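Chain A is the first sequence line, chain B the second, and so forth, proteins listed ahead of strands; every chain is numbered from 1. Note that the structure is predicted; figures quoted are calculated from it, not measured.
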There are 2 protein chains.
Amino acid sequence: MEQMSRNLAFQLKKIRQQRHLSLDDVAKATGVSKAQLAQIEKGEANPTVSTIWKIAAGMRTSFSSLLQPPTAHFMKYSSKDAPHVDEDEGRYRVYSIIPYNPERGWELYKIEMEPGAFSRSEAHTEGVEETVTVIQGQATISAGDMHEKLEEGDTLVFSGHQPHEYKNTTEALTILHLILQYK
Amino acid sequence: MEQMSRNLAFQLKKIRQQRHLSLDDVAKATGVSKAQLAQIEKGEANPTVSTIWKIAAGMRTSFSSLLQPPTAHFMKYSSKDAPHVDEDEGRYRVYSIIPYNPERGWELYKIEMEPGAFSRSEAHTEGVEETVTVIQGQATISAGDMHEKLEEGDTLVFSGHQPHEYKNTTEALTILHLILQYK
DNA sequence: GACATATGTATACTTTAATAAACATCAAGA
DNA sequence: TCTTGATGTTTATTAAAGTATACATATGTC
């Protein structure tokens, strides 16, 4: 969540500096206390919608532009501390590489399947799209009444609003990358 | 501000009902308490960004889509209780018809000018556009070194980042509509 | 009809967002 | 050098967001 506070911090500071305003000026224009504004600009606050609203109104800017992320990113996710879940008695392992983020709209998993490992998923909510890439080994994937056997380097895209299965029919470890895209 | 709470209320309820989830389900998926969710759906809450973030993440939707307004509006602003400010010893009166709203990005004023009334504005911040329409009477408007005499029904558009003047050079009351557009 | 389960509502409590006022810092200007 | 004023920071207090629990109301099911 602190992502959003950072955005707000960045955007507010930017506006304030562009217009050569002091914290007192902004406080007077928005009705938000100076102390709170300082906290917000430092990204150390968790403001309510009404506070953000007051800032947007006072600064004559839009609500959403205040929450816009700054242009550049440079963010590392280490697979070391990626949380994971096991299925099929530990032979099917799912690692969360990039967790879901409301700004991004998708999440990335790494899946390890021991020989013969198997996993079945019920239909997700409407509008979910799965993109599977075989990093290593081979996998057989079914969705609804469609089936496909994928080899290393293959990618399959299908909508997740139907029951689907992942299976490793080979004798070696298979590794997949799975992107779940929402809405 | 309650505009925003209404949006959130509407969108959350919509998502929850579309997916056939109970408040308990959403509470478990998002980590936000059931009581708070109920309040939010009724539009009686003023949540923090972290709460909205948790809802967005748990529901696998975007932050902004949760704050999107529903399609239809039907809202009356009465000119009776419009606040107003006087200039030029009360001969130049500004009525706020539609106050600024961060979702909309502009505001609407009605201006009444007695004969000979006059008003000068300093340059606003970059990116402000003024649209003046003469409802009744005549007005002379200057912006920077440009001048224009407007009659009933005329409209003038100019950027407000330069000093500008409004003047009623006639012997009758002049009424203007002024739209201030930001950014 | 009585029991069980699920769902939304109301209440008491804890945590924290937001305010107001005092404080520190610094740059003119006399 | 000593004010004075402007700006951002810290601190104490208040107001309210958020939680957890208990309560009310349905909707089956035996």
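Side-chain nitrogen and oxygen atoms of A:Thr48 include at least one within less than 4.0 Å of the OP1 or OP2 phosphate oxygen of C:dA18. Taking side-chain N and O atoms only, B:Thr51 has a distance below 4.0 Å to OP1 or OP2 of D:dG18. At least one side-chain nitrogen or oxygen of B:Lys54 sits closer than 4.0 Å to the OP1 or OP2 atom of D:dT19. Look at B:Lys42 and you'll find a side-chain N or O under 4.0 angstrom from OP1 or OP2 of C:dA10. In terms of phosphate contacts, A:Arg16 brings a side-chain nitrogen or oxygen within less than 4.0 Å of OP1 or OP2 of D:dG8.
The distance between atom CD of A:Glu41 and atom P of D:dT9, rounded to the nearest whole Å, is 8 Å. The interatomic distance linking B:Lys28 (NZ) with C:dA6 (C1') rounds to 13 Å, in whole Å. Summarising the geometry, the separation between CG on A:Leu23 and P on D:dT9 is reported as 7 Å, rounded to the nearest angstrom. The distance from atom CD1 of A:Ile40 to atom C1' of C:dT16 is 14 Å, rounded to the nearest whole Å. Following rounding to the nearest Å, A:Leu21 (CG) and D:dA6 (P) show an atom-to-atom distance of 15 Å. Between the C1' atom of D:dT27 and the NE2 atom of B:His20 lies a distance of 18 Å, rounded to the nearest Å. Put simply, CG on A:Asn46 is 10 Å from C1' on D:dA17, counting in whole angstrom units. To the nearest angstrom, P of C:dG8 lies 15 Å from CD of B:Gln39.
Along DNA chain C, the nucleotide nearest to A:Gln36 and the one nearest to B:Ser22 differ in position, and the one closer to the 5' end is contacted by B:Ser22. Checking B:Lys34 against B:Pro47, the closest nucleotide of DNA chain D that is more toward the 5' end is the one next to B:Pro47. Nearest-nucleotide assignment on DNA chain C puts the 5′-proximal partner with B:Asp25, out of A:Glu44 and B:Asp25.
Partner B:Glu41 forms a salt bridge (charged side-chain N to carboxylate O under 4.0 Å, His left out) with one of B:Arg6, B:Arg16, B:Lys14 and no other, that one being B:Arg16.
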* Begin from the C-alpha positions of A:Arg91 and A:Glu114 and carry the test salt bridge (charged side-chain N to carboxylate O under 4.0 Å, His left out) through to its verdict. => CA-CA 5 Å; A:Arg91 295 183 307 164; A:Glu114 301 283 353; over 6 Å; no
* Residue pair B:Lys110, B:Glu112: steps toward the salt bridge (charged side-chain N to carboxylate O under 4.0 Å, His left out) verdict -> CA-CA 7 Å; B:Lys110 184 175 77 173; B:Glu112 292 180 357; 3.8 Å; yes
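Distance from the side chain of B:Ala38 is smallest for C:dT9 among the nucleotides C:dA18, C:dT9, D:dG18.
When only modelled atom types and interatomic distance are considered, A:Gln138 and A:Thr170 share no side-chain donor-acceptor pair under 3.5 Å. A donor-acceptor contact closer than 3.5 angstrom is absent between the side chains of A:Tyr166 and A:Glu87.
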